[in-house]
Amino acid sequence: MQLIERYAYHNRLRKVQPDHKAAIALLGLLLCLALDKPVVSLTCIAWMFVLVVFIAGVPARTFGHVLLVEGGFILMTIPGILIGIGPSAPSDPAAWAWPLGPVWISTSSAALWRGVALVMRALGCAAAMNFLALTTPSVDIIELLRRWRMPPVLIDIMTVTYRSIFVLLESANTMYIAQDSRLGYMTSRMRAIHNVALLASQLFIEAYRRGKELQIALESRGFTGELHVLPTSYRFSPLFTVLGVVMTAQLILLWAMV
Amino acid sequence: MEDLFEFQNVCYRYPGHKQLALQDVNVRLPEGEKIAVVGRNGAGKSTLFLHCNGLYRPLCGQVLFRGRPLAYDRASLKRLRQQVGMIFQNPDNQLFSASVAQDISFGPLNLGLSEAETRRRVLEAAEMCDIIHVLDRPTHSLSGGEKTRVALAGVLAMQPEVLVADEPLASLDPWMRLTFFEILQRFYDRGKTIIMATHNLSVVRYWASYVIVLQAGRVVFSGTPKELLTNRVVLEQTELSRVWWKVDPGFDEETRAPATSPGAEDGRLKETRNFHFGEDGDWSI
């Protein structure tokens, strides 16, 4: 998360209007979902790779790493599609099946193909969202949602939550070090679990206390229930409009041809 | 010397506590001064400060701002909070946005200023606090000193008449403290008032032009640093004499009591308005 965060702030597309970046990401997502063919998904991944690595200047390693982590989660859902379990042998003659006690475990080349197509499709969608995550800091995305008329209450919650993640992470880290320096994690496994529980409960109290202090600090600056902040100004980029059109055209063409 | 704040018989009790946090506080805070508020942990400094901004309402007595009792309706509070800016000890607890520029813009926009005017004020405050270079960076990547200055800029952007600072120096290194005092001086030079709680007795002696001493929820002294240094009763009663003789050459080390008038021969006291930082080290209460 820290890694994504760092590149989101330090990439060559940082100052490009978030609307454009979000539009490209959503376009990639929708096209991957609508044009359901592995070749379309693969091309979408390629597009995002070029945008993230060559245009935004994020290292290819990082792009691959993030996609790999997501791939791991996607793979976890695959066995359910790949493997069928039934009380009798499947009727499909093309399927492979093995008896295991009272049940039959079966799979087929069709199921295998379906699994591959699904993984590709999910990876294509993930790559599109990664493009947004790796080039646009959360503050910009929140700002974008504000302009897209998301209810202010949700925006305020997102703003404060995002900031609090870092504040509480730091508190948790300090507490962990304090426990560790007094040998909190050097003895038994049970003791360590107990200490984590202590840390968590303490963190909860800390979060509550900090929340109250933030409330006081905000009120002293005239808070009346809504967090008003200045919108950020960005540079308009015609390149992205062109890119979006070219990408859509290519993906549709691929889908129609293959 | 006009009074900025006047506390009349103010008392306050935190919900669920038996002890009064403030009892029968009667004190005047003069305008256009650098006011230091000292007292041991739990003496009631923060509680007193939160009354200045209408964040707490006194249980008895009343608080006057420029001669008029504070009103606690929405419009009056808004006016008061524009004029009284507050910064707290831990900047992490007052910065709510991950974007520095957005955080600074919060106060001015709450005052109902236009976007253009807010943008101008954000830049002006950032320049005053020397943080132009971090406006683009996420809040959580800043150092402690930068966070403190961002918090300060967020308050200065509202152009208050008085700055109330609750132990702002606690987590700053000596160089950053110096920078911090330079920013305060810029604010003070515009004819504004500063009220600061501190444990740093050098600050009381060389920076402050007026001192309030709190002890167990009561104000036991208010006056100039020189008056405090020559007030043997208060120094003994608050045990300030136990910790302050180290920085005061006029003190008699053997009896640990102040000499008759240590400030009188001490030329440095004349320079209270030009704060000399940490000349005698940092002794804390």
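Note on naming: letters A, B, ... go to the chains in the order of the sequence lines (proteins, then strands), and numbering restarts at 1 for each one.
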Max heavy-atom pairs within cutoff under 4.5 Å with chain A, candidates B/V122, B/N90, B/N93, B/I87, goes to B/N93
Got A/F166 and B/P138 here, is their nearest side-chain heavy-atom distance under 4.5 Å? no
Between chain B and each of A/T224, A/V160, A/L169, count heavy-atom pairs under 4.5 Å; write down the option with the most. A/T224
Chain A contact via B/R74 - which portion, at a heavy-atom distance below 4.5 Å: side chain
Does any backbone or side-chain atom of B/F106 lie under 4.5 Å from a heavy atom of chain A? Answer side chain, backbone, both or neither. both
Nearest 0.5 Å, please: how far is OG1 in B/T118 from NE2 in A/H228? 11.0 Å
Part of B/V164 within contact of chain A (heavy atom distance under 4.5 Å): neither
Which region of B/D136, side chain (C-beta onward) or backbone (N, CA, C, O), has a non-hydrogen atom less than 4.5 Å from a non-hydrogen atom of chain A, or is it both or neither? both
Counting heavy-atom pairs under 4.5 angstrom with chain A, the leader among B/R137, B/Q102, B/R119, B/Q94 is B/Q102
Note, B/L50 side chain near A/E219 side chain (heavy atom, < 4.5 Å): no
With a 4.5 Å cut-off on side-chain heavy atoms, are A/P231 and B/E115 touching? yes
Kindly indicate, with the supporting measurements, whether the criterion side-chain contact (heavy atoms from CB on, under 4.5 Å) is fulfilled by A/Y9 and B/S141. CA-CA 11 Å; A/Y9 275 100; B/S141 76; over 6 Å; no
Nearest 0.5 angstrom please: B/F88 CZ to A/L214 CG, how far? 10.0 Å
Indicate the atoms forming the closest heavy-atom contact of A/R221 with B/M158, along with that distance. O-CE, 3.5 Å
Where do B/S105 and A/L230 come nearest, in terms of heavy atoms and distance? OG-N, 2.9 Å
So does A/F204 have more than 12 non-hydrogen atoms from other groups sitting under 6.0 Å from CZ? no
Does atom CD (B/E124) have a neighbourhood of more than 12 heavy atoms from anything else shown, all under 6.0 Å? yes
Looking at B/N53 and A/S220, what are the two nearest heavy atoms and their distance? ND2-CB, 3.2 Å
Is it the side chain or the backbone of B/L95 that comes within 4.5 Å of chain A heavy atoms, both, or neither? both
Are the side chains of A/R163 and B/H140 in touch, meaning some heavy atoms are under 4.5 Å apart? yes
Answer whether the closest heavy-atom distance between the side chains of B/D92 and A/R210 falls below 4.5 Å. yes
Please say whether more than 12 non-hydrogen atoms of neighbouring residues, nucleotides or ligands are located less than 6.0 Å from OH in B/Y72. yes
Taking side chain as C-beta onward, heavy atoms only, is A/E226 less than 4.5 Å from B/L109? no
Point-to-point distance, once rounded to the nearest 0.5 Å, from CD1 of A/I142 to OG of B/S97: 7.5 Å
Nearest heavy-atom pair of A/L218 and B/F96: which atoms, and what distance? CD2-CD2, 3.5 Å
Give a yes or no on this: more than 12 heavy atoms of other residues, nucleotides or ligands lie within 6.0 Å of atom CZ of A/F54. no
